[in-house]
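All ligand and atom numbering here is 1-based and tracks the order in the structure.
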Amino acid sequence: MDLILFGPPGAGKGTQAQRLYKVYRTPQVSTGDILRQAVMEVTPLGLEAKPIMESGALVPDALVISIVEERLRQPDCRDGFVLDGFPRTVAQAQALDAMLASLGRHIDSVLSLEVPVEVLVERLTGRRSCPKDGRVYHVTQAPPAKPGVCDVCGTPLVQRPDDAEAVVRARQLTYRRDTEPLKAFYAQRGLLRPVDGTGTLDEVFQRIQAALGKS
Ligand code: AP5
């Protein structure tokens with residue numbers, strides 16, 4: 001299963017990719033997570049990406065394309081992957097087609113999580129995550145058992161700098177302008193499967209399984 005989880009910031013791509021991994025063992029390939037790791041480690045990539053990410057804009061295509069190219073060649077992606085946050089531009093989608101073709105593969109399905117913008121803003125401003133293991137929580141919708149600390153490793157949870165409300169709104173605009181046109185790109189290929197991304201985490205996961213013909 002070579003899958004794209006598509007949708008605006010806050011649609012639940014990361015959350016549902018982690019669920020898919022738990023059930024089907026398909027690795028989550030998140031360009032946002034890889035870039036945040038580079039920022040944390042202060043690598044040259046991280047130094048270039050940091051101010052761009054904090055403004056809500058997109059990191060240049062060439063950088064993210066090479067990240068994904070390297071990641072998809074790793075052994076754990078051999079039997080499938082779930083792309084989260086990539087592609088985000090038509091140029092990235094075309095590069096993805098080319099890299100998969102060189103591996104004799106193709107995208108099986110693009111699941112597009114549909115969520116109204118005000119729900120997205122509420123989800124993102126309430127999101128907290130574990131800086132150690134990357135687990136994602138929400139202050140009211142998916143709270144940790146003990147407020148402010150990760151259920152699994154006990155590390156204090158943090159808020160992403162780009163989850164401040166002004167940046168959240170800028171990210172939504174970037175999505176509408178640069179990324180949403182990809183829906184037509186994948187619809188033309190018969191790959192786009194819209195999924196209602198509202199409701200509980202379980203409800204959304206059930207809809208994803210149904211869209212994949214696995215329920
Ligand atoms: P990235 O990390 O990819 O962020 P994003 O796409 O903006 O997506 P998010 O992680 O914010 O949202 P999500 O859909 O994963 O939602 P989540 O599951 O966490 O990218 C960050 C930045 O990196 C970009 O702005 C850009 O600068 C750069 N970048 C990354 N990829 C790039 C690329 N390909 N090209 C160029 N630049 C790139 O859920 C959000 C919250 O809602 C959580 O708190 C969760 O608990 C809660 N929640 C989820 N589902 C539900 C539900 N059903 N009900 C209630 N709450 C829910």
### Query
Under 3.5 Å, N or O to N or O, is Tyr137 touching ligand 1 that way?
yes
#### Entry: Worked verdict on Thr198 versus Asp196 for side-chain hydrogen bond (donor to acceptor under 3.5 Å, both in side chains)
CA-CA 6 Å; Thr198 63; Asp196 179 357; 2.7 Å; yes
### Task
Please say whether Gly199 places an N or O atom under 3.5 Å from an N or O atom belonging to ligand 1.
yes
### Summary
Looking only at heavy atoms, the pair that brings Thr89 and Asp61 closest together is OG1-OD1, 3.0 Å
## Note on the structure
In terms of its nearest heavy atom to atom 52 (C) of ligand 1, the top option of Gln16, Gln141, Arg127, Arg123 is Arg123
### Summary
atom 6 (O) of ligand 1: of Arg171, Gln92, Gln18, Arg88, the nearest heavy atom sits on Arg88
### Query
Do the side chains of Tyr175 and Leu120 join up, straight or via other hydrophobic residues, at under 4.5 Å, putting them in one cluster?
no
### Task
Decide whether the shortest distance between a heavy atom of Arg160 and an atom of ligand 1 is less than 4.0 Å.
yes
Which pairs would a plain distance check flag for residues 4-16, meaning a side-chain donor or acceptor within less than 3.5 Å of a matching protein atom at least two apart in sequence or in another chain?
from	atom 1	to	atom 2	distance (Å)
Lys13	NZ	Gly7	O	3.2
Lys13	NZ	Pro8	O	3.1
Gln16	NE2	Leu201	O	3.2

### Message
If you take the nearest heavy atom of each of Ala91, Gly85, Pro8, which one is closest to atom 34 (N) of ligand 1?
### Response
Gly85
### Query
Which option, Gly32, Pro9, Ala57, owns the non-hydrogen atom nearest atom 25 (O) of ligand 1?
Ala57
### Query
Who gets closest to atom 17 (P) of ligand 1 by heavy atom: Thr200, Thr15, Thr179?
Thr15
### Task
Could you tell me whether some N/O pair between Gly14 and ligand 1 is separated by less than 3.5 angstrom?
yes
### Query
Any heavy atom of Ala11 sitting closer than 4.0 Å to ligand 1?
yes
### Task
Please determine if Val204 has a nitrogen or oxygen closer than 3.5 Å to a nitrogen or oxygen of ligand 1.
no
### Query
Below 3.5 angstrom, do we get any N/O pair linking Gly10 and ligand 1?
yes
### Query
Is there a nitrogen or oxygen of Lys13 sitting under 3.5 Å from a nitrogen or oxygen of ligand 1?
yes
Which atom pairs, donor and acceptor, lie under 3.5 Å between side-chain atoms of residues 181-189 and protein residues at least two apart or in another chain?
from	atom 1	to	atom 2	distance (Å)
Lys183	NZ	Glu114	OE1	3.1
Lys183	NZ	Glu114	OE2	3.3
Arg189	NH1	Phe185	O	3.0

